[in-house]
Protein chains: 2
Amino acid sequence: MPLEIRPSQALKLWRQVHLDLVRDGQADLSARQTAILLTIYLELPPHTVRGLAQQLGVTKPVVTRALDTMGKLGLVTRKRDEFDRRNVVIQRTVAGALAVERLADLITDHAREIGGS
Amino acid sequence: MPLEIRPSQALKLWRQVHLDLVRDGQADLSARQTAILLTIYLELPPHTVRGLAQQLGVTKPVVTRALDTMGKLGLVTRKRDEFDRRNVVIQRTVAGALAVERLADLITDHAREIGGS
DNA sequence: CCCGATCGTTACGGGTCCGTATCATTACCG
DNA sequence: CGGTAATGATACGGACCCGTAACGATCGGG
């Protein structure tokens with residue numbers, strides 16, 4: 001049972017959600033940061049800098065910086081892996097989970113509004 | 001006939017599309033720029049800097065800079081309004097229409113993949 | 001005509017992000 | 001041990017974006 005969505009509906013949805021994100025002002029996340037954040041919260045742990053960089057097809061500094069920024073915002077936390085101290089495990093936070101949940105609500109709400117078009 | 005989408009589906013969709021945008025690398029558009037671009041291509045012309053700024057809830061320089069960037073990328077064009085030469089009319093381009101269309105395909109394709117989850 | 005209002009742009013100081021290259025720390029293996 | 005590999009972080013130069021404030025161009029009413 002695939003998710004049915006027509007191109008015109010997809011674009012309307014994309015626009016409305018982005019409009020809300022811009023207007024709320026509280027989402028200064030770039031496309032890269034968004035992809036990283038959602039990967040952390042949707043895929044099974046553990047998450048490492050290298051693993052995320054590989055999944056996104058970007059360099060490690062990009063991930064490190066994104067984690068810096070999202071860490072400042074309280075969306076994620078970093079912890080050294082005690083079994084291999086070279087690794088850093090990225091952990092979820094309450095604030096991050098709330099932000100992701102709010103994004104999901106934003107999308108579903110607008111999807112409902114759009115309906116048949 | 002509202003568009004049915006569950007929060008978990010919405011997040012998966014959002015992540016997959018952002019992953020593709022990042023991996024393709026050709027979409028360095030910020031949330032603001034995305035909102036502006038889609039507004040230009042979905043809403044009825046004419047579009048002005050002031051009108052876009054008002055719809056997005058941002059200042060005029062933000063729109064001007066976004067148009068600069070997207071103009072360099074060939075996604076939009078500016079033309080002075082001959083009837084009120086203070087105004088600038090933002091116009092669509094073939095490249096911009098193609099980019100928007102590709103985004104729509106990206107979304108609908110991933111929506112189809114996600115299906116019942 | 002002229003002066004205020006409106007439009008889009010530009011200037012400025014500060015901040016963030018990028019990619020490349022390099023670094024410090026830690027693990028592994030002979 | 002010592003040397004290599006791997007991980008994440010950092011330095012650097014350049015580019016972009018932001019918000020505030022100022023600017024030039026243009027319109028329109030008195």
With [X], which residues qualify under side chain to side chain contact (heavy atoms under 4.5 Å, CB included), at least two apart?
X: B/Asp84; answer: B/Asp81, B/Arg86, B/Asn87
X: B/Gln16; answer: B/Leu19, B/His110
X: B/Lys79; answer: B/Gln91

- Ordered by number, residues from residues 39-55 of chain A within less than 4.0 Å of DNA chain D (heavy atoms) are A/Thr48, A/Val49, A/Arg50
Using the test salt bridge (Lys or Arg N to Asp or Glu O under 4.0 Å), find all partners of [X] that sit at least two apart in sequence or belong to another chain.
X: A/Asp109; answer: A/Arg112
X: A/Arg80; answer: none
X: B/Arg78; answer: B/Asp68

- Item | Distance in angstrom units between A/Asp68 CG and D/dA11 C1', rounded | 14 Å
- Using whole Å, report how far CG of A/Leu67 lies from C1' of D/dT10. 15 Å
- Item | DNA chain C: 5'-most and 3'-most nucleotides touching chain A, 4.0 angstrom heavy-atom criterion | C/dC17 to C/dA27
- Task: Quick one, give me the B/S/- string for nucleotides 14-21 of chain D, reading 5' to 3', where B means a protein heavy atom under 4.0 Å from the base and S means that only happens at the primed atoms, P, OP1 or OP2.
- Result: ---SBBBB
- Message: Running the 4.5 Å side-chain criterion over Ile, Leu, Val, Met, Phe, Trp and Tyr, what cluster does A/Leu98 land in, apart from itself?
- Response: A/Val94
Below 3.5 Å, can you tabulate the donor-acceptor pairs from side chains in residues 44-53 of chain A to any protein atom, sequence neighbours excluded?
from    : atom 1 : to      : atom 2 : distance (Å)
A/His47 : NE2    : A/Ile40 : O      : 3.3
A/His47 : NE2    : A/Glu43 : O      : 3.0
A/Thr48 : OG1    : A/Gly51 : N      : 3.0

- Do A/Val76 and A/Tyr41 touch side chain to side chain, with heavy atoms closer than 4.5 Å? yes
- Kindly say if A/Thr64 contacts the phosphate of D/dG8, meaning a side-chain N or O under 4.0 Å from OP1 or OP2. no
- Message: For B/Leu103, run the side-chain contact (heavy atoms from CB on, under 4.5 Å) check against B/Asp105, B/Ile107, B/Val100 and tell me which one passes.
- Response: B/Ile107
Heteroatom pairs (N/O) under 3.5 angstrom, protein to nucleotides 22-28 of chain D:
from   : atom 1 : to      : atom 2 : distance (Å)
D/dC27 : OP1    : B/Arg85 : N      : 3.1

